[in-house]
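Shown next, in structure tokens, is the structure this report addresses.
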Amino acid sequence: MQDSERKKIRLGLLSKGCLVKETLGLLKDCGLPVKRDNDRQYSAEIPRLPNVEVCFHRPKDIVTLLVSGHLDIGIVSSYAVSEYGPGNDDLITVHDALGYGHCHLSLAIPKNGIFERINSVKELAQMSQWTEENPLSVVTGLPNLGRKFMKENGLKHVSILTADGALEGFPQRGWADVIFDLVSSGTTLRANNLKEIEGGTVLVSQAVLVANRKSLMQREDVLDTTRQIFERVEAHLKAVSQFMVTVNMRGRSAKEVTKRVLSQPSLSGLQGPTVGPVLCISNGEVVADHNAMVSCIPKKELYSSVQQLRAVPFEHIETIIMQIGGSRVLVSPSTYIFNEEALGWQQLLSKFGL
């Protein structure tokens with residue numbers, strides 16, 4: 001069967017590496033778990049997207065297969081897009097910040113020897129040692145970005161050596177002068193007596209959602225599926241930074257409680273709190289002496305917000321505004337926060353003329 005005749009939508013995911021677990025975890029958290037019988041299988045399915053075939057590949061292959069149209073959608077690191085698919089109009093970044101796989105591409109040099117006093121790319125380029133007969137030897141797994149970076153920074157006499165891993169060991173063995181590699185924490189660089197230098201960071205990378213433009217334009221099912229993945233991811237990423245807080249608050253009315261809540265910016269939620277009466281039986285009568293407040297609270301502000309909610313109000317309104325008087329604070333994780341309209345998706349369609 002010709003690839004143009006296939007009915008399945010193909011989603012490319014990484015087959016190995018540290019991002020595999022995080023990618024599968026993100027999809028699961030977004031309600032799209034991948035069903036794969038074992039790690040040696042290179043095809044899988046997503047039960048909630050029955051028309052999707054999951055294909056596991058290396059970063060380079062995901063990008064090149066997207067460009068060729070053999071894959072329709074993919075999740076890969078942004079550095080791979082820059083290395084293997086730069087300037088290709090058929091490759092669209094649908095979501096540029098999936099929130100994991102953070103690293104940066106950087107030039108690193110030995111701390112000692114001839115490089116001891118070199119602290120910038122400019123100083124490296126000005127070293128008199130580098131000639132046509134004795135070029136600066138650079139080992140990298142990303143030669144296209146490496147050559148581009150060297151040329152843009154005035155490093156004229158350069159020899160690029162390509163290798164796939166453990167690049168930090170090359171300089172100490174005399175196999176290369178410097179390395180051009182991905183850096184996460186910098187621990188491995190320091191362990192191998194290497195240092196980053198000023199001007200040496202090329203790009204910052206993380207996992208991204210990408211797609212083939214022609215697939216999006218020519219197949220409505222690909223466009224619809226990509227939108228569903230985009231919206232689920234967007235809603236989930238927005239939610240993970242928030243807690244849903246529910247608290248019973250003393251107050252004569254919902255309006256009074258709302259006024260006290262809105263006096264604290266951290267408690268105001270996404271658009272404002274939801275406040276309503278808490279009903280109970282007292283002396284055979286239904287009464288409401290508390291109001292329930294529900295609001296989204298940023299995770300980083302949770303404890304200070306809970307302290308504000310716990311505070312017992314005094315008699316004077318000025319004090320009540322600062323200590324808003326809540327009890328029984330219930331904190332729940334947020335799974336999704338969907339916008340009324342998918343503005344991000346509409347902006348994407350407009351940007352790429354889809």
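- Crowding of N38 atom CG: a count of heavy atoms from other residues, nucleotides or ligands under 6.0 Å exceeding 12.
- Taken from CG in L107 to CG in L124, the straight-line distance is 6.0 Å, to the nearest 0.5 Å.
- Checking side-chain atoms of S77 against main-chain N and O of Y79 turns up no donor-acceptor pair under 3.5 Å.
- Using a cut-off of 4.0 Å between Lys/Arg side-chain N and Asp/Glu carboxylate O, R58 and D61 are scored as salt-bridged.
- Side-chain atoms of R48 come within 3.5 Å of backbone atoms of G31 as a donor-acceptor pair (strictly under, hydrogens ignored).
- A donor-acceptor pair under 3.5 Å is absent between the side-chain atoms of W175 and the main chain of G169, judged by distance alone.
- For S106, the side-chain contact (heavy atoms from CB on, under 4.5 Å) partners two or more places apart in sequence, or in a different chain, are H104, V183, E196, T201.
- In terms of heavy-atom proximity, P59 sits nearest to L14 at CG-CD2, 3.6 Å.
- F115 and L194 fall into different hydrophobic clusters, defined by Ile, Leu, Val, Met, Phe, Trp and Tyr side-chain heavy atoms under 4.5 Å apart, directly or through other members.
- Within the 3.5 Å criterion, the main-chain N or O of L155 finds no donor-acceptor partner in the side chain of N153.
- A donor-acceptor contact shorter than 3.5 Å is absent between the side chain of D181 and the backbone of E168.
- A salt bridge is absent between E234 and K238: the closest approach of a Lys/Arg side-chain nitrogen to an acidic carboxylate oxygen does not fall below 4.0 angstrom.
- Counting non-hydrogen atoms of neighbouring residues, nucleotides and ligands closer than 6.0 angstrom, the CD atom of E132 reaches no more than 12 such neighbours.
- The cluster map of Ile, Leu, Val, Met, Phe, Trp and Tyr, joined by side-chain heavy atoms under 4.5 Å apart, puts V202 and L167 in different clusters.
- Hydrophobic cluster membership is shared by L49 and V233, with clusters built from Ile, Leu, Val, Met, Phe, Trp and Tyr side chains linked at under 4.5 angstrom.
- W345 has its side chain within reach of V94: a pair of non-hydrogen atoms, C-beta onward, lies under 4.5 Å apart.
- Looking at E45 and V52, their side chains never come closer than 4.5 Å, going by heavy atoms from C-beta outward.
- Under a 3.5 Å cut-off, the side chain of D221 and the backbone N or O of D224 do not form any donor-acceptor pair.
- At a threshold of 4.5 Å between side-chain heavy atoms, the hydrophobic network of Ile, Leu, Val, Met, Phe, Trp and Tyr places L136 and L105 in one connected group.
- A donor atom on one side chain and an acceptor atom on the other are not found under 3.5 Å apart for N193 and Q172.
- At a cut-off of 3.5 Å, with distance as the only test, a side-chain donor of N144 or E83 sits close to an acceptor on the other residue.
- Put simply, the side chain of S137 never gets that close to the backbone of A176: no donor and acceptor are under 3.5 Å apart.
- Enclosure of atom CD in E198 is not indicated, since only 12 or fewer non-hydrogen atoms of other residues, nucleotides or ligands lie within 6.0 angstrom.
- Proximity of a side-chain donor or acceptor of R10 to a complementary backbone N or O of C55 within less than 3.5 Å is not detected.
- Looking at R36, its side chain does come within 3.5 Å of a backbone N or O of D39 through a donor-acceptor pair.
- Proximity of S82 to L203: side-chain heavy atoms (C-beta onward) are separated by under 4.5 Å at one or more points.
- Follow the hydrophobic side-chain contacts under 4.5 Å out from L161 and you never reach L145; the two are in separate clusters.
- Distance alone, capped at 3.5 Å, is enough to place a donor-acceptor pair between the K195 side chain and the E116 backbone.
- Dense packing is recorded around NZ of K111, with more than 12 heavy atoms of other residues, nucleotides or ligands lying under 6.0 Å away.
- Closest approach of V67 to N212, counting heavy atoms only: O-ND2, 3.7 Å.
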